Number of protein chains: 2
Amino acid sequence: MSERLLAGVVTPIARQSYLGELTYERLKEIIVSGAFPPNEKLTVRSVAAALGVSTTPARDAINRLLSEGALINEGPKTVVLPSLTFEALDEITATRLALEGLAAERSVLAVAPADIAVLEQMQVAINAGLDAADYREVLKVNREFHFLIYRMSGWPRLVAMIESLWLRVGPSFNELYPDFATNRRGVANHLLAMQGLRAKDGAKVRSAMEQDIRDGYVRLKNMIRARR
Amino acid sequence: MSERLLAGVVTPIARQSYLGELTYERLKEIIVSGAFPPNEKLTVRSVAAALGVSTTPARDAINRLLSEGALINEGPKTVVLPSLTFEALDEITATRLALEGLAAERSVLAVAPADIAVLEQMQVAINAGLDAADYREVLKVNREFHFLIYRMSGWPRLVAMIESLWLRVGPSFNELYPDFATNRRGVANHLLAMQGLRAKDGAKVRSAMEQDIRDGYVRLKNMIRARR
DNA sequence: AATCCCATAATGATGCATCAAATATCAAAA
DNA sequence: TTTTGATATTTGATGCATCATTATGGGATT
């Protein structure tokens with residue numbers, strides 16, 4: 001009976017985090033935050049030692065990031081963080097436009113007033129972060145802003161694919177500072193997106209998010225050009 | 001000097017396939033071919049025993065398929081092959097339209113006459129398979145037809161994402177027989193795609209492939225409806 | 001007949017040893 | 001100085017034992 005009583009009321013508790021999961025999350029955080037230089041070798045044992053786990057969880061984490069494309073096999077026993085090339089940036093940007101545009105367009109189907117309120121608060125936090133030049137905070141909230149909208153699509157597999165794309169541009173995005181912390185072009189896009197959500201205008205949300213992606217693309221492209 | 005001598009003459013030998021890789025490929029084949037019933041439990045040890053390997057490669061293969069979404073965690077220690085629901089089909093179809101449409105549109109940028117000749121031969125094989133009601137052959141060549149076009153996009157990460165989507169509808173597609181083996185609607189789409197490739201008309205290739213996806217969607221939807 | 005409880009078996013995660021393969025090192029040769 | 005080749009070291013893959021957790025089945029209870 002308790003089953004019926006609880007059905008729909010509670011969700012199953014999140015499965016406990018296993019060491020492999022924690023190692024994966026930690027390693028991902030290190031990679032996305034830009035703390036790990038591109039083209040530097042990663043080994044199972046070095047990761048295991050650095051994170052204080054045995055080889056099995058370390059190997060699991062590396063393999064998982066490998067299958068997501070966040071790391072690549074540069075050789076038979078050589079795993080490195082890929083550096084973003086022009087070609088990769090073009091490909092990933094086009095894919096992002098397709099998938100994030102799709103998710104953005106669908107977001108209006110399930111958006112609630114409470115969601116928009118949260119987005120507004122996030123935008124306040126982004127503006128504050130820009131004022132304080134706290135780029136880490138800006139990036140973090142910006143990411144939450146985007147994914148809150150994408151999750152409104154109600155399509156978790158789509159959101160997961162988008163996440164894997166962000167994982168590939170994330171490391172390079174961190175090199176954009178202080179460009180990102182001082183450039184406020186993204187603010188206008190976010191405001192347009194929120195307007196579209198209020199009006200339940202899917203096309204408008206899509207175009208706003210697409211423009212945000214294109215703005216980021218231009219900056220990343222300039223960065224890559226300067227790097228060479 | 002031997003470097004210069006051998007340059008361009010020989011290609012590096014393919015790296016040996018590891019057990020984990022072989023196990024993954026084999027398990028994937030079993031799943032895509034529809035030989036494994038949905039909602040049936042998969043365990044590390046059962047896969048290891050069935051394929052004659054130890055638990056490590058079996059676990060690697062299961063985890064990899066899990067991360068691709070080809071298998072899902074139904075519970076803490078319960079891995080099953082997901083059955084395709086209406087919701088999942090809608091989501092995956094929309095994502096396929098976005099990504100395969102993108103790849104199809106770009107295919108004209110790099111298409112060579114030799115590619116079109118190969119596609120024509122594939123279509124001959126598909127027609128022969130339809131005549132012989134050899135659905136397994138039809139499915140196999142149909143898949144090769146699609147991916148040859150997608151690979152022309154020159155975007156390997158995009159192709160990899162499309163592959164993971166096919167992995168999710170593949171098992172159900174096998175239940176479509178003999179519907180698929182007798183229905184020739186896909187032939188017209190393929191012919192249109194080849195026309196578009198010859199004319200280097202990206203929009204035409206895209207619309208042909210999109211129509212092919214939509215036709216498959218309708219049939220899958222009917223199948224799911226009948227299954228319940 | 002349906003539900004609950006508990007003992008038992010099964011399972012995934014983890015740690016670790018081993019081995020073949022790849023890399024790094026370095027001295028000898030060109 | 002550069003290249004080559006032998007040697008030592010490092011590394012990923014694999015197999016397997018162990019352990020805490022979970023699934024399972026059957027009997028007891030309502």
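Here is how names work: the chains are called A, B, and so on, in the same order as the sequence lines, proteins then strands, and each is numbered from 1. Keep in mind it's a predicted model, so treat the numbers as computed, not measured.
The residue L66(A) sits apart from the nucleic acid: no heavy atom pair falls under 4.0 Å. Nucleic acid contact class of G75(B) (heavy atoms, under 4.0 Å, all strands): none.
At least one donor-acceptor pair closer than 3.5 Å links the side chain of D115(A) to the backbone N or O of A112(A). Judged purely by atom type and a 3.5 angstrom limit, T93(B) uses its side chain to pair as donor or acceptor with the backbone of L89(B). Formation of a donor-acceptor pair under 3.5 Å by the R168(A) side chain with backbone atoms of E68(A) is found in this model. No donor-acceptor pair closer than 3.5 Å links the side chain of T78(B) to the backbone N or O of E74(B).
Whole-Å rounding puts the L22(A) CG to dT14(C) P distance at 8 Å. Computed from coordinates, the R64(B) CZ to dA13(D) P distance equals 11 Å when rounded to whole Å. Computed from coordinates, the E21(A) CD to dT14(C) C1' distance equals 15 Å when rounded to whole Å. Atom CG in L42(A) sits roughly 13 Å away from atom C1' in dT11(D) (whole-Å rounding). Look at OH on Y18(B): it is 17 Å from C1' on dG15(D), rounded to the nearest Å. Here the P atom of nucleotide dA10(C) and the NZ atom of K41(B) are 11 Å apart, to the nearest Å. Put simply, CD on E74(A) is 15 Å from C1' on dT23(C), counting in whole angstrom units.
Here I92(B) contributes atom CD1 and L97(B) contributes atom CG; the two are 12.0 Å apart, rounded to the nearest 0.5 Å.
Side-chain contact between K221(B) and V218(B) is absent, with no heavy atoms from C-beta onward closer than 4.5 Å. Counting heavy atoms from C-beta outward, Q123(B) and V141(B) have side chains that stay 4.5 Å or more apart.
Less than 4.0 Å separates DNA chain D from at least one heavy atom of each of the following residues of residues 47-60 of chain A: R59(A).
Under the 6.0 Å cut-off for aromatic ring centres, F173(B) and W166(B) do not qualify, their centroids lying 6.0 Å or more apart.
Comparing G20(A) and R45(A) against DNA chain C, the residue whose closest nucleotide sits nearer the 5' end is G20(A).
Looking at the side chain of L19(A), the nearest of the listed nucleotides dT14(C), dG12(C), dT14(D) is dT14(C). Of the listed nucleotides (dT18(C), dT11(C), dT23(C)), dT23(C) has the atom at the smallest distance from the side chain of T78(A).
One axis for each end of the helix from dA1(C)-dT30(D) to dA30(C)-dT1(D), each built from five base pairs, and the angle between them comes to 30° at 10° resolution.
With hydrogens and angles ignored, a donor-acceptor pair under 3.5 angstrom links the side chain of K77(A) to the base of dT11(D).
Note on E21(B) versus R64(B): salt bridge recorded, some NZ/NE/NH1/NH2 to OD/OE distance being below 4.0 Å.
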